[in-house]
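What you are looking at is a predicted structure, and each value in this text was computed from that prediction instead of being measured.
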Amino acid sequence: METESEPYVRLASLRQLHQVMADMNTARSLADTLQTVADGVITALGYEMACVNLVRPDGDLVVAAFSGNSAAEALITGRVGSRDSWERRLAMGEKWGDLVFIPHTEGWVLDDDDVPQWYTDGPAPRFEDEWHPSDRLFAPMYTPGISGSSCGELLGVISVDRPRNGRHPGAWGREALQMYAFQAAIAISNARLRANMQRALVRLEREQQALRASEESFRQAFEYAPSGMAIAEMGGDQHGRILRSNDALCRLLGRPASAMRRYSFSDLVHPEDIGTLLRTSAEGGRAELRLGRRDGTYVWVSLRNSVVADAADGPRFLLTHVEDIEERKRRELQLAHRASHDSLTGLPNSAELRSRLSSRLCRRADTGGALESLDAAYGHPAYDVNGHGFDFAGTSPSYDGGYDHHVHTVAPEEGRDDGAKGLAVLFCDLDGFKSINDRFGHNAGDAVLIEVARRLGRAVRDGDTVARLGGDEFVILADGLGKADAQDLAVRLRNEIIQPIRAEGRAVRVGASFGIGWAHCGMTADEVLKSADERMYVEKRSRPKAHRRAG
């Protein structure tokens, strides 16, 4: 192209230039695009050497591609020139449109800056437009848009050296190089976009692979977990509905996975535990409750909830971990039962008796009818929010008959039988029990105590309490009895006890003495028991010794 007289350019040269530009836009990578740009300057524009300096993210320019001289290519490829040095170069010399030409007469001041360059020498020009080896010609490349140094961002600089015709490029050569730099900027920008897209696609594929691996890991951990797992809907009309359950949960509840999807945990929980479930927080909530099996039985489980999202802004689901704690609960209940029940007879022991009795009683002041303190089992303050004492008699301030749903226990009045009902406390002491122990041994005595406990439990109503206070002493708590009712109960219980008892292969008989006390608020449990005990001893002493055993 450079050998042709301007403005006459051969069609073959234009085709060659068009082909080079096409090659720039079809290169497979950014590196290939840069090298194609450098090579095209040689093959299509007719320069002996070309260098592509690319702006790095930090602003400096690196020699990214070189063509035309292998020695110079090895010398400067990959080297970096500072942005300040390049801006000084682009501000010097003659402006040929977007091109910058620095003649050898001015370029000597650039010999010592940090821009990578090659050094050639030669004789002084013989005519005005002859190219000198120290002449410099730069074609800046700007980001696509309106070309020009004042528009767009500097993308890089194409440096060229020595046209093959040995002359400074004319109007057509300058226009061709300027147009080439413009098209090269487009090709490089597109190559960068493709490279960024490829990196993004690779990163996305890796993320998707990691997500698939994570999902598979979760699926396997969910499906093959040794304890129960379930995923339930969170929010909406179907809140709490089980969407998925693993094999361990299905086995625990004896229900197939297809059937589990018809339920929510509120459908499966024991009716007494529904409140516990509702109070359990969805995020990080824990609860111990009972879930129903297919056979109608219930199993104690520990629920742990966590919230998982399907996507960043997608629906949220409830992941519930279900652990079988039936064995632990059984041990806890056994320990609690042992702590509160007599090991021989299985009846509530002295501590449990006092606890049940105390739960029915509250303490009142001796004067003015004001509440002094409540029994420790309640833990409530004795005054209302205004500092007034509660008047349980219904006087000022008003009171509805009980504090925190407490119903006051009132004893029938002494010496009267007007049909009033109260909490009767029957203190029972066996007559003749010591002689059985002495004659037949403790095994026989234990057999008698066990049988007496059984008979007492059989003779009272559901809801009444039969407890073993210790030794051969038993206590019965029976609510809602009048005086005559309590006396009739004592007679029935004595008649049950005095029947022959089979112990160690022989029939033995014991008698029973009963004292009837009455519990009412203002008394302690010990005071109530002491009152019944004293009445029992009065009753025991009032009966002839010979008749105590026979009742």
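The environment of R294 atom CZ is sparse: at most 12 non-hydrogen atoms of other residues, nucleotides or ligands sit within 6.0 angstrom. Summarising the local packing, CZ of R206 is surrounded by 12 or fewer heavy atoms from other residues, nucleotides or ligands at distances under 6.0 Å. Within a 6.0 Å radius of CZ in F218, other residues, nucleotides and ligands contribute more than 12 heavy atoms.
Every pair passing ring pair (Phe, Tyr, Trp, His ring centres under 6.0 Å) that includes a residue from residues 325-356 is listed here, sequence neighbours excluded: H337-H341. A salt bridge (charged side-chain N to carboxylate O under 4.0 Å, His left out) check over residues 463-472, counting only residues at least two apart or in different chains, returns the pairs D342-R468, R461-D464.
A donor-acceptor pair is defined here as one N or O able to donate and one able to accept, closer than 3.5 Å; such a pair exists between the side chain of Q499 and the backbone of N495. When atom types are taken as modelled, the side chain of N246 and the backbone of S227 share a donor-acceptor pair closer than 3.5 angstrom. The backbone N or O of G240 sits nowhere less than 3.5 Å from a side-chain atom of E233 that would complete a donor-acceptor pair. When atom types are taken as modelled, the side chain of R255 and the backbone of G292 share a donor-acceptor pair closer than 3.5 angstrom. No side-chain donor-acceptor contact under 3.5 Å links S214 to the backbone of A210. T143 places a side-chain N or O within donor-acceptor distance of the main-chain N or O of E153, the cut-off being under 3.5 Å. Proximity of a side-chain donor or acceptor of D485 to a complementary backbone N or O of G482 within less than 3.5 Å is detected. A donor-acceptor pair is defined here as one N or O able to donate and one able to accept, closer than 3.5 Å; no such pair exists between the side chain of S355 and the backbone of A351. Distance alone, capped at 3.5 Å, places no donor-acceptor pair between the R56 side chain and the L61 backbone.
For the residue pair D438 and S435, no side-chain donor N or O sits within less than 3.5 Å of a side-chain acceptor on the partner.
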Exercise. Would you check, one step at a time, whether the test salt bridge (Lys or Arg N to Asp or Glu O under 4.0 Å) holds for R360 with D479?
Key: CA-CA 10 Å; R360 292 295 313 278; D479 201 2; 2.7 Å; yes
Practice problem: May I have the step-by-step check of side chain to side chain contact (heavy atoms under 4.5 Å, CB included) for D446 and T345, ending in yes or no? | Solution: CA-CA 9 Å; D446 289 346; T345 63; over 6 Å; no
Self-check item: Working for side chain to side chain contact (heavy atoms under 4.5 Å, CB included), residues F265 and L289
Solution: CA-CA 11 Å; F265 280 108; L289 42 77; over 6 Å; no
Practice problem: Report the C-alpha distance between E451 and R502 in whole Å, list the side-chain angles of each, state the deciding distance to 0.1 Å, and finish with yes or no for salt bridge (Lys or Arg N to Asp or Glu O under 4.0 Å). | Solution: CA-CA 9 Å; E451 178 60 20; R502 197 75 181 172; over 6 Å; no
Quiz item: Can you list the steps and then say if L303 with H321 is a side chain to side chain contact (heavy atoms under 4.5 Å, CB included)?
Solution: CA-CA 6 Å; L303 297 185; H321 176 241; over 6 Å; no
Self-check item: Worked check of side-chain hydrogen bond (donor to acceptor under 3.5 Å, both in side chains) between S513 and D429
Solution: CA-CA 5 Å; S513 298; D429 182 77; 5.6 Å; no
Practice problem: Walk me through it: do V307 and M234 pass the test side chain to side chain contact (heavy atoms under 4.5 Å, CB included)? | Solution: CA-CA 8 Å; V307 177; M234 187 174 181; 3.7 Å; yes
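The two residues S245 and L249 have their closest heavy-atom pair at CB-CD2, 3.9 Å. The minimum heavy-atom distance linking A519 with L361 is given by the pair CB-CD2, 4.0 Å. Contact detail for G480 and K421: the closest heavy-atom pair is O-CD, 3.5 Å. In this structure, R494 and A512 approach most closely via the heavy-atom pair NE-O, 3.0 Å. A503 and A447 get closest at one heavy-atom pair: CB-CB, 4.0 Å. Across all their heavy atoms, F514 and C428 have their closest contact at CE2-CB, 3.5 Å.
Using a 4.5 Å cut-off on side-chain heavy atoms (C-beta onward), K530 and D526 make no contact. By the 4.5 Å heavy-atom criterion applied to side chains, M260 and L268 are counted as neighbours. With contacts defined as side-chain heavy-atom distances shorter than 4.5 Å, the pair E539/R535 does not qualify. Contact check for I231 versus L318: no side-chain heavy atoms found under the 4.5 Å cut-off. When side chains are defined from C-beta on, F474 does not count as touching L493, because their heavy atoms never get closer than 4.5 Å. A 4.5 Å side-chain heavy-atom check between T33 and R194 finds at least one atom pair inside the cut-off. Contact of the L155 side chain with the R192 side chain is registered, since non-hydrogen atoms from C-beta on lie closer than 4.5 Å. In this structure, R338 and S343 have side chains that are not in contact, with every pair of non-hydrogen atoms separated by 4.5 Å or more.
A cation-pi geometry, defined here as NZ or CZ lying under 6.0 Å from the six-membered ring centre and within 45° of its normal, holds between R244 and F222. R219 forms no cation-pi arrangement with Y224, by the criterion of a distance under 6.0 Å to the ring centre and an angle within 45° of the ring axis.
Rounded to the nearest 0.5 angstrom, R354 CZ and T524 OG1 are separated by 9.5 Å. The distance from the CG atom of L333 to the CZ atom of R331 is 11.0 Å, given to the nearest 0.5 Å. Summarising the geometry, atom CG belonging to N190 is positioned 10.5 Å from atom CD1 belonging to I188; distances are rounded to the nearest 0.5 Å. Separation of atoms CG (L252) and CG (D247) is listed at 12.5 Å; rounding is to 0.5 Å. To the nearest 0.5 Å, atom NZ of residue K540 and atom CZ of residue F427 are 10.0 Å apart. Rounded to the nearest 0.5 angstrom, T465 OG1 and L477 CG are separated by 5.0 Å.
Ion pairing between a basic and an acidic side chain is recognised when a charged N comes within 4.0 Å of a carboxylate O; R328 and E288 show such pairing. A salt bridge links R290 with D273; the closest basic N to acidic carboxylate O contact falls under 4.0 Å. Salt-bridge check for R356 with E352: passed, with a basic side-chain N closer than 4.0 Å to an acidic carboxylate O. Using a cut-off of 4.0 Å between Lys/Arg side-chain N and Asp/Glu carboxylate O, E216 and R212 are scored as not salt-bridged. Salt bridge R262/D267: absent, no basic N to carboxylate O contact under 4.0 Å. At a threshold of 4.0 Å, the pair K329-E332 counts as salt-bridged, since one of the basic side-chain nitrogens sits closer than that to a carboxylate oxygen. A salt bridge does not link R293 to D295: none of the charged nitrogens lies less than 4.0 Å from a carboxylate oxygen.
Tested against V475, the residues L353, D533, V466 include a single side chain to side chain contact (heavy atoms under 4.5 Å, CB included) partner, L353.
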